[in-house]
Amino acid sequence: MVILPLADKKEFIAELAQLHHAEWKHLNPSLTLEGRAEAIAEAAGREGIPSIFIALSGNQLVGSAALVRNDMDTKPDLSPWLAAVYVKGGFRRQGIATQLIARCEDEAIRSNAKAWYLYTEFASSLYEELGWRHMERCEYKGATVDVMFKRLRPA
């Protein structure tokens, strides 16, 4: 398994858009699959903010994670954010999400962030294991989510 910037493997943008759309369409029903693909392409920086990293097993896309400037329009003062952490079903519980998150964290540190943020509906325990702390539980776009943060140490 290898983790690479999506910018180096743009042929996976359409598949990634489909996976993300299936997983998170309920949070933004007005966003079309095409719109999601465009947003992913725009955020697919090789480094810095924004950037998207993908996990490949051989030539198969198995996961993603992104570092973005903002992921909650209700919290514009918080930045940067970990977003779009996704691992395909057959590849879960193998440490792939942890590796993707670590790659994004390295990039956040390189970007001089002192802390970063995320929100999640279902994966709070994973993030707690990785050192994230709860800020609040709230309603966001019709879903109950946990907003979390993690302080970053310079490299």
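- Side-chain contact between Ile3 and Arg103 is present, with at least one heavy-atom pair separated by less than 4.5 Å.
- In this model, no donor atom of one side chain and acceptor atom of the other lie less than 3.5 Å apart for His21 and Thr32.
- Separating the CD1 atom in Ile52 from the CG atom in Leu4 is a distance of 13.5 Å, to the nearest 0.5 Å.
- Here the side chains of Met72 and Trp81 are in contact, with some heavy-atom distance below 4.5 Å.
- The line from CD1 of Ile96 to CD1 of Ile54 is 12.5 Å long, rounded to the nearest 0.5 Å.
- Cluster annotation: Leu61 and Val2 are assigned to the same hydrophobic cluster (Ile/Leu/Val/Met/Phe/Trp/Tyr, side-chain heavy-atom contacts under 4.5 Å, transitive).
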>> Applying side-chain contact (heavy atoms from CB on, under 4.5 Å) to Met148 and Leu118, what does each step give before you reach the verdict?
In response: CA-CA 5 Å; Met148 304 178 81; Leu118 66 81; 3.9 Å; yes
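- Under 3.5 Å, the side chains of Tyr140 and Asp71 contain no donor-acceptor pair of N or O atoms.
- With a 4.5 Å cut-off on side-chain heavy atoms, Phe12 and Ile40 do not count as touching.
- A 4.5 Å side-chain heavy-atom check between Arg133 and Glu128 finds every atom pair outside the cut-off.
- In this structure, Ala7 and Ala44 approach most closely via the heavy-atom pair CB-O, 3.1 Å.
- Leu126 and Ala97 get closest at one heavy-atom pair: CD2-CB, 4.3 Å.
- For the atom pair Leu6 CG and Arg46 CZ, the distance stands at 10.0 Å (nearest 0.5 Å).
- Aromatic ring orientation, Phe149 versus Tyr117: tilted (interplanar angle from 30° to 60°).
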> Given Asn28 and Ser30, is the side-chain contact (heavy atoms from CB on, under 4.5 Å) satisfied, shown in steps?
Replying inline: CA-CA 6 Å; Asn28 195 350; Ser30 65; 3.2 Å; yes
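- Side chains of Val145 and Thr120 form no contact here, defined as non-hydrogen atoms less than 4.5 Å apart.
- Geometric assessment of Arg92 against the ring of Tyr86 yields a positive cation-pi assignment under the 6.0 Å and 45° thresholds.
- Considering Ile109, Leu78, Leu67 in turn, Leu67 is the only one that fulfils the side chain to side chain contact (heavy atoms under 4.5 Å, CB included) rule with Trp116.
- There is a path of hydrophobic side-chain contacts, each under 4.5 Å, that joins Val68 to Met135.
- Interatomic distance, CG of Leu100 versus CZ of Phe53, reported as 9.5 Å (0.5 Å rounding).
- Counted by atom type alone, Ser124 and Asp146 present one or more donor-acceptor pairs between their side chains at under 3.5 Å.
- Put simply, CZ on Arg36 and CG on Leu19 are 11.0 Å apart, with the number rounded to the nearest 0.5 Å.
- Within the 3.5 Å criterion, the main-chain N or O of Arg69 finds a donor-acceptor partner in the side chain of Ser79.
- Between the side chain of Ser64 and the main chain of Ala84, a donor-acceptor pair closer than 3.5 Å is present.
- Heavy-atom contacts from other residues, nucleotides or ligands closer than 6.0 Å to CZ of Arg151 number 12 or fewer.
- Around the NZ atom of Lys141, the shell of radius 6.0 Å holds more than 12 heavy atoms that belong to other residues, nucleotides or ligands.
- A side-chain donor-acceptor contact under 3.5 Å links Glu139 and Thr144.
- Under a hydrophobic-cluster definition in which Ile, Leu, Val, Met, Phe, Trp and Tyr are linked whenever side-chain heavy atoms come within less than 4.5 Å, directly or via other members, Leu130 and Tyr119 are assigned to different clusters.
- Under the 4.5 Å side-chain contact rule for hydrophobic residues, Val85 and Leu27 do not share a cluster.
- Using a 4.0 Å cut-off between charged nitrogen and carboxylate oxygen, Lys150 and Glu105 count as a salt-bridge pair.
- Nearest heavy-atom pair, Ala113 versus Pro80, reported as atom, atom and distance to 0.1 Å: CB-CD, 3.6 Å.
- Both Val87 and Met1 are members of a single hydrophobic cluster when ILVMFWY side chains are connected at heavy-atom separations under 4.5 Å.
- Atom CG of Leu82 sits about 13.0 Å away from atom CD of Glu107, to the nearest 0.5 Å.
- Under the 4.5 Å side-chain criterion, counting only non-hydrogen atoms from C-beta, Ile101 is in contact with Tyr127.
- With salt bridges taken as basic N to acidic carboxylate O contacts below 4.0 Å, one links Glu15 and Lys88.
- By the 4.0 Å N-to-carboxylate-O rule, Glu136 lies close enough to Lys75 to be salt-bridged with it.
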